[in-house]
Peer 1: 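This structure is in structure tokens; I'll ask about it shortly.
In this text, all values refer to a predicted model and were calculated from it rather than measured experimentally. Atom set for the values below is all heavy atoms of this structure, side chains included, hydrogens, waters and symmetry mates excluded.
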2 protein chains.
Amino acid sequence: MYDPMARAAARLREAELRVTVQRMAVLTAIEELGGHPDAEAVRGRAQEVTGGLSLQATYNVLRVLTEVGLVRCTQITGQQARYEAERHNNHHHFVCRFCGDIIDVDCVIGEAPCLVADLPESYRVDEAAVTFWGACPRCAPAEHG
Amino acid sequence: MYDPMARAAARLREAELRVTVQRMAVLTAIEELGGHPDAEAVRGRAQEVTGGLSLQATYNVLRVLTEVGLVRCTQITGQQARYEAERHNNHHHFVCRFCGDIIDVDCVIGEAPCLVADLPESYRVDEAAVTFWGACPRCAPAEHG
DNA sequence: CTATTGTCTTGAATGACTCAAGACACTAGA
DNA sequence: TCTAGTGTCTTGAGTCATTCAAGACAATAG
């Protein structure tokens, strides 16, 4: 039993960031929510702790947390940016075309960039982002065509 | 030597779409522009033919052309939607983190979905979209860090 | 040629996100 | 502990790609 906020504070300090309730709340929210919440969802959860948290602050905090590598930001075509706690396991995403749900897919190849692009050597590739598109188990049966 | 507009008209008819100058202009524009133009760029080129083409019409046309498979729409994180003539060769994209330039990368694996996701069988995967991120030859030398 | 239906234009709206300015809070140093 | 200094938060307005809505217009079938 340990205080998640205290833990968040420690991680912020480790990253050489100022420790504020808003940052602790956002970081804790992302870790406790799990999945791939968007900024609004993160804000909602964080507000339960802080009592109030502006959307602007949510975006600010999400950005700095992403910059220092505590949070990973994923932008799926046609959706808002989504956030998840960075666990430093290279993984990709499956996105359901129907409900928009996102789930993690372990990278079976290894570290980034896990794929090799057929490009001239003058191109420097540092990441291969793979998004699998399809139908999730809930939507697949309902899909016609 | 053949009229590109007549060719466009034929392809529209083939797709069972009404043939309008706007549609011919947009389809021709995409094919002649090459690369990965956004809606505004497509509109600009198409206007040279039609004299006038509303942005709304551009979006409408791009959508229907995408739906019938004459055009492929690619949405890269942090950029507007981009369009290209569908050539039915499964390929992916390289995106330069610095200048935003997009270039095609042939898929070395084969037909979609070219990768297999480590997912339960109940998930139906029909596409694996790969985006390679890095620095293009023009930006790589200037990059510090 | 005309009716019907789909498409285009115009103008307003949406939604995610960002900018800006002032109020406020965190950290370091006295 | 107090205070200066700077970074962060709040509020409110702004941006930008894209979409909605309504009426004018054009393409196709008969």
Peer 1: Between A/Y83 and A/D38, does the side-chain contact (heavy atoms from CB on, under 4.5 Å) criterion hold? Intermediate values first, please.
Peer 2: CA-CA 6 Å; A/Y83 303 86; A/D38 58 21; 5.6 Å; no

Peer 1: Could you go through B/D104 and B/H36, starting from their C-alpha distance and side-chain angles, then the distance that decides it, and tell me whether this counts as side-chain contact (heavy atoms from CB on, under 4.5 Å)?
Peer 2: CA-CA 9 Å; B/D104 289 345; B/H36 304 79; 2.6 Å; yes

Peer 1: Using the side-chain heavy atoms of A/A39, tell me which of these nucleotides is nearest: C/dC17, D/dT10, D/dT19.
Peer 2: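 Shortest atom-to-atom distance from the side chain points to C/dC17.
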
Peer 1: Give a yes/no answer on whether the side chain of A/Y59 brings an N or O atom under 4.0 Å of OP1 or OP2 in C/dC17.
Peer 2: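 So the side-chain polar atoms of A/Y59 do come within 4.0 Å of the phosphate oxygens OP1 or OP2 of C/dC17, strictly under.
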
Peer 1: In whole angstroms, how far is the C1' atom of C/dT9 from the CD atom of B/Q47?
Peer 2: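 From B/Q47 CD to C/dT9 C1': 12 Å.
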
Peer 1: Of the listed nucleotides (C/dC8, C/dT9, D/dT18), which one gets closest to any side-chain atom of B/V61?
Peer 2: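 Shortest atom-to-atom distance from the side chain points to C/dC8.
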
Peer 1: Can you tell if the side chain of A/R82 reaches within under 4.5 Å of the side chain of A/Q75, non-hydrogen atoms only?
Peer 2: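 Of all side-chain heavy-atom pairs linking A/Q75 with A/R82, none is under 4.5 Å.
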
Peer 1: Show me the protein contacts with nucleotides 22-29 of chain C, counting only N or O atoms at under 3.5 Å.
Peer 2:
residue	atom	partner	partner atom	Å
C/dC26	O2	A/R18	NH1	3.2
C/dT27	OP1	A/V19	N	3.0

Peer 1: Could you give me the CA-CA distance, side-chain angles and deciding distance for A/T131 and A/H92, then say whether side-chain contact (heavy atoms from CB on, under 4.5 Å) is met?
Peer 2: CA-CA 6 Å; A/T131 303; A/H92 304 302; over 6 Å; no

Peer 1: Measure across B/A85 and B/I30 and return the closest heavy-atom pair with its distance rounded to 0.1 Å.
Peer 2: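 Closest heavy-atom pair between B/A85 and B/I30: N-CG2, 3.3 Å.
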
Peer 1: Could you state the CD-C1' distance from A/Q80 to D/dA17, rounded to the nearest angstrom?
Peer 2: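 For the pair A/Q80 CD and D/dA17 C1', the rounded distance is 15 Å.
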
Peer 1: Tell me whether B/E84 is salt-bridged to B/R87, with the criterion being a basic N under 4.0 Å from an acidic carboxylate O.
Peer 2: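 Yes.
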
Peer 1: In residues 10-21 of chain A, what donor-acceptor pairs under 3.5 Å come from side-chain atoms, sequence neighbours left out?
Peer 2:
residue	atom	partner	partner atom	Å
A/R11	NH1	A/E31	OE2	2.1
A/T20	OG1	A/R23	N	3.1

Peer 1: What integer distance in Å separates B/R23:CZ from D/dA27:C1'?
Peer 2: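 Distance check: B/R23 CZ to D/dA27 C1' gives 10 Å.
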
Peer 1: Under 4.0 Å, counting only non-hydrogen atoms across every strand here, what does B/R82 touch: a base, just sugar-phosphate, or nothing?
Peer 2: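 The residue B/R82 makes no contact with any strand.
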
Peer 1: To the nearest angstrom, how far is A/L12 atom CG from D/dT8 atom C1'?
Peer 2: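 Interatomic distance, CG of A/L12 to C1' of D/dT8: 13 Å.
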
Peer 1: Atom CG of A/N60 to atom P of D/dT6: distance rounded to whole Å?
Peer 2: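 About 20 Å, once rounded to whole Å.
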
Peer 1: Base, sugar-phosphate alone, or nothing: which one does B/L55 contact when heavy atoms must sit under 4.0 Å apart?
Peer 2: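 Base: the residue B/L55, judged by heavy atoms under 4.0 Å, touches a nucleobase.
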
Peer 1: Rounded to the nearest Å, what distance is computed from the CD atom of residue B/E16 to the P atom of nucleotide C/dT7?
Peer 2: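 Distance check: B/E16 CD to C/dT7 P gives 13 Å.
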
Peer 1: Taking atom P of D/dT8 as reference, at what distance in whole Å does atom CG of A/L62 sit?
Peer 2: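 One finds 14 Å between P of D/dT8 and CG of A/L62, rounded.
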
Peer 1: If I take atom CE in residue B/M24 and atom P in nucleotide C/dC8, what distance separates them, rounded to the nearest angstrom?
Peer 2: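 Value for this atom pair: 11 Å.
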
